Amino acid sequence: MKTIKALSIAAVAALSLMSAASFAQSISVTSSTLDGAEAKIAAQAAQQGAQYKITEANTNNRVHMTAELHK
């Protein structure tokens, strides 16, 4: 019984990781402004029919922004 329970837990954990990985995609863009970078991310998300969450933005002469897309 303990073996079946352990295998079930392992299977659920593996499936939850696979489903999260199959629906999330990380993208990065560059632009001269924050608004421009977000517009590029929004356009890519719309093209793929996904929502986005900005995870990083760096302004060092240019803007570099990273986001995760979720369907």
Side-chain angles (χ1 to χ4, degrees):
M1 189 66 155
K2 289 182 182 180
T3 304
I4 293 172
K5 187 175 180 180
L7 288 174
S8 296
I9 292 171
V12 168
L15 288 174
S16 67
L17 288 175
M18 285 187 344
S19 65
S22 66
F23 293 116
Q25 176 187 2
S26 180
I27 60 170
S28 295
V29 298
T30 57
S31 181
S32 58
T33 65
L34 285 170
D35 288 338
E38 186 171 5
K40 287 181 180 182
I41 286 175
Q44 287 186 25
Q47 185 179 36
Q48 296 183 26
Q51 297 177 341
Y52 66 94
K53 176 183 171 186
I54 296 172
T55 57
E56 178 267 334
N58 182 0
T59 56
N60 196 12
N61 291 335
R62 292 198 42 91
V63 176
H64 176 257
M65 189 176 286
T66 303
E68 287 187 1
L69 302 182
H70 299 277
K71 290 187 180 182

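In this text, all values refer to a predicted model and were calculated from it rather than measured experimentally. Excluded from the calculations below are hydrogen atoms, water molecules and symmetry mates; all remaining heavy atoms, backbone and side chain alike, are included.
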[X] to [Y] - nearest heavy-atom pair and separation:
{"X": "Ala45", "Y": "Leu69", "value": "CB-CD2, 3.6 Å"}
{"X": "Lys71", "Y": "Gly49", "value": "CG-O, 4.3 Å"}
{"X": "Ala37", "Y": "Ser31", "value": "N-CB, 3.4 Å"}

Flag side-chain contact, heavy atom, 4.5 Å: Glu56 against His64
yes

With a 4.5 Å heavy-atom cut-off, do Ser32 and Arg62 have their side chains touching?
yes

Could you walk me through whether Tyr52 and Gln44 pass the side chain to side chain donor-acceptor pair (under 3.5 Å) check?
CA-CA 9 Å; Tyr52 66 94; Gln44 287 186 25; over 6 Å; no

Residue among Gln48, Glu68, His70 satisfying side chain to side chain contact (heavy atoms under 4.5 Å, CB included) with Gln25:
Gln48

Exceeds 12 heavy-atom contacts within 6.0 angstrom, atom CD of Gln47
no

Rounded to the nearest 0.5 Å, how far does [atom2] of [Y] lie from [atom1] of [X]?
{"X": "Ile27", "Y": "Ile41", "atom1": "CD1", "atom2": "CD1", "result": "5.0 Å"}
{"X": "Thr33", "Y": "Met65", "atom1": "OG1", "atom2": "CE", "result": "8.5 Å"}
{"X": "Asn58", "Y": "Thr66", "atom1": "CG", "atom2": "OG1", "result": "9.0 Å"}

